[in-house]
Amino acid sequence: MTMLFEPLDSHYEERANLHRAARLELLHDRLAKRLDRVDRAAEEVEQAVALLVDVTHGSAVEAFRGAIFSRSLSTAFFQLEAGQTLGL
């Protein structure tokens, strides 16, 4: 008489489904965090562009006065010394 053994891994499909669901949730969380960082960077770029437009269309002294005394990180790189240019 031949004895047949049940496979050792009888719940493979169930565990595979749980693994896929956990991996999908992990990837979703990573994507959400990345999109938040992209949104913050886009806001900083928009603020920098607005400052640049103010400089090109208005008085540079008035536009940079707000940037120099502002504590915003997005305008920190616009702090120019006398004689410096934006390199355009």
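In this chain, residues are counted from 1 in sequence order.
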Please write out which residues are connected to Leu31 in a hydrophobic cluster, directly or through intermediates, given that two of Ile, Leu, Val, Met, Phe, Trp, Tyr count as joined at side-chain heavy-atom separations below 4.5 angstrom. Leu35
Report yes if the side chains of Val49 and Glu46 come closer than 4.5 Å at any heavy-atom pair, otherwise no. no
Sequence-distant partners of Asp39, side-chain contact (heavy atoms from CB on, under 4.5 Å), two or more places apart: none
Supply the atom-to-atom distance Leu18 CG to Arg20 CZ, rounded to the nearest 0.5 angstrom. 9.5 Å
